Amino acid sequence: MSPQRRIPMTGKLSHLGLHRLLALLSHDNEQAYIVGGAVRNSLLGLPIDDIDLATSLTPEAVIDRVTMAGMRYIPTGIDHGTVTVIADERPYEVTTFREDIDTDGRHATVRFGQSLRQDAERRDFTINALYADASGFVSDPVGGIEDLLARRVRFIGDPVRRIREDYLRSLRFFRFTARYAKGDADEAALIAIDQERDGLARLSRERVRTELMKLIEAPRVLYILRVMSHRDLVEPVFGLPLDLDGFARMLQHDPGADLFLRLAALAIHKPEDALTLRETMRLSNAETDRLEKLGEVLMQLSALPRPLTAKTIRKLAFRFGRRVITDALVVDMGRRDAKIDSELWTAAGSAPTHSPFTGAMVIKRGVPAGPMIGEIIRHADAAWEASDFSSDPKLLQNLISEAIARYSGTAAAAPTPVE
Ligand code: ATP
Ligand code: MG
């Protein structure tokens with residue numbers, strides 16, 4: 001066993017509310033521990049996210065004790081033993097020791113228990129079943145510390161059995177391996193995941209979403225996606241093939257690429273790809289719209305003659321917005337293994353964001369309000385694009401007059417446009 005059995009109770013772990021809560025839940029022969037990610041990451045010296053607690057108290061008893069102490073709580077998942085307690089303004093998810101007695105691959109029927117060991121055994125990976133008391137002393141019932149130090153992600157118990165209890169664990173294995181493991185992914189787990197692949201289709205997409213999003217942001221995402229691809233697991237999970245080589249090149253140029261760019265580089269070639277991901281990854285409407293637009297731009301870019309010109313990029317940026325064009329340039333560059341041309345980058349970033357033409361301008365020239373106004377402005381905009389967004393006021397006047405003449409037929413005194 002490793003000597004490193006204590007975590008420093010610093011940063012988030014030093015908050016008074018946490019210590020009041022641990023004391024409150026553990027007096028009179030009961031037990032309360034910090035568990036899971038907070039302990040794991042503290043041992044690794046990594047930042048910690050949420051703080052989860054495990055206790056021998058039933059949820060009702062947790063509620064009694066915290067209410068008596070004047071703390072607020074939210075009954076987030078009483079059936080599964082979870083109460084969120086607010087202590088000194090911070091939320092802690094407190095879950096009663098439990099065993100999962102009946103599982104169907106998606107849900108578990110739980111029985112509350114008294115033993116930390118049983119609670120550990122219902123968790124997924126050894127590195128996620130570490131418990132720290134208020135002094136930082138770590139209990140390690142299933143050998144998580146050793147695996148953590150060796151940077152191994154291993155199922156607790158038999159991988160096949162553990163996956164059959166909850167198929168999400170296959171994706172969690174990929175996610176945690178991509179985040180915490182060094183070296184090759186655990187072979188026994190991979191064989192089990194392969195064997196139990198059909199269960200993946202039964203998962204709720206909301207749960208899948210969380211795991212995939214975290215996977216895509218993990219440091220070794222590329223390695224894991226290659227492992228998945230090697231076992232033909234990419235399409236069943238994502239619903240479409242992924243461009244791993246383009247993604248790899250984008251990461252080389254831009255290792256800090258955010259989740260959105262990563263997703264785009266991996267999966268988006270055309271607008272419909274965004275609709276596929278909306279289903280498989282439960283994208284929000286805003287996320288889908290942004291990726292759909294990006295798909296449209298990438299499709300247009302791939303049809304254009306190369307090298308691209310600054311004028312074309314300005315035009316696209318005016319039509320679609322600057323941001324989507326810079327995103328598309330990054331993704332396109334990965335796919336072509338080219339460096340981004342700084343002239344194109346500047347063109348995208350400095351393209352005009354608004355049309356210089358307004359409805360009021362058109363109406364002032366005698367066109368009655370109505371759908372025609374929009375048509376006229378669109379026509380003037382197209383001519384303005386063709387001028388590469390000239391700022392010459394005379395030319396702008398000419399463009400709007402010409403558009404009016406063309407669409408209303410009645411427009412007076414429209415001087416013919418220059419060139
Ligand atoms: P993160 O930093 O990503 O939040 P975490 O370890 O806190 O990491 P969570 O998904 O928040 O991960 O889960 C909290 C803990 O609950 C895990 O550490 C693990 O012990 C347990 N757990 C969560 N989901 C499962 C599952 N599907 N099967 C078994 N145990 C699970
Ligand atoms: Mg967590």
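Just follow the structure's listing: the first ligand is 1, and inside any ligand the first atom is 1. The residues of the chain are indexed from 1 along the displayed sequence. Since this is a predicted model, take the numbers as computed values, not measurements.
The shortest N/O to N/O separation between Asp49 and ligand 1 does not fall below 3.5 Å. Remark: ligand 1 and Asp50 share no N or O pair separated by less than 3.5 Å (distance only, no angle test). Ligand 1 has a nitrogen or oxygen under 3.5 angstrom from a nitrogen or oxygen of Asp166.
Ligand-side atoms of ligand 1 in range of Lys214: 3 (O), 4 (O), range being under 4.0 angstrom from any heavy atom. Atoms of ligand 1 lying under 4.0 Å from at least one heavy atom of Arg123, given by number and element, are 15 (C), 16 (O), 19 (C), 20 (O), 21 (C), 29 (C), 30 (N). Applying the 4.0 Å criterion to heavy atoms of Gly36 picks out, from ligand 1, the atoms 18 (O).
In the model, Glu30 has a side-chain atom that pairs as donor or acceptor with a side-chain atom of Ser56 under 3.5 Å. There is no side-chain donor-acceptor pair under 3.5 Å between Tyr180 and Arg220.
The closest non-hydrogen atom to atom 14 (C) of ligand 1, taken over Asp52, Ile48, Asn128, comes from Asp52. Closest to atom 1 (P) of ligand 1 by heavy atom, among Arg172, Arg179, Arg175, Arg207, is Arg175.
Regarding atom 28 (N) of ligand 1, its nearest protein heavy-atom neighbour is Arg169 NE, 2.8 Å. With hydrogens left out, the protein atom closest to atom 19 (C) of ligand 1 is Asp124 OD1, 3.6 Å, a heavy atom. In this structure, atom 6 (O) of ligand 1 lies nearest to the protein heavy atom Arg40 NH1, 2.7 Å.
Using a 4.5 Å heavy-atom cutoff, the side chains of Leu240 and Leu277 are in contact.
Annotation: salt bridge (charged side-chain N to carboxylate O under 4.0 Å, His left out) contacts of Glu385 (sequence neighbours excluded): Arg319.
No more than 12 heavy-atom neighbours from other residues, nucleotides or ligands sit within 6.0 angstrom of CD on Glu89.
Between atom OG1 of residue Thr326 and atom CG of residue Leu344 there is a gap of 12.0 Å, rounded to the nearest 0.5 Å.
Within the structure, side-chain hydrogen bond (donor to acceptor under 3.5 Å, both in side chains) contacts touching residues 338-347 (residues at least two apart or in different chains) do not occur.
Figure legend: Arg169 and Phe155 shown without cation-pi pairing, the cationic atom not lying both under 6.0 angstrom from the six-membered ring centre and within 45 degrees of its axis. For the pair Arg226 and Tyr223, the NZ or CZ position fails the cation-pi test of under 6.0 Å to the six-membered ring centre and within 45 degrees of the ring normal.
Ligand 1 has no atom lying under 4.0 Å from any heavy atom of Arg162. Using a 4.0 Å cutoff on heavy atoms, Glu165 does not count as a contact of ligand 1.
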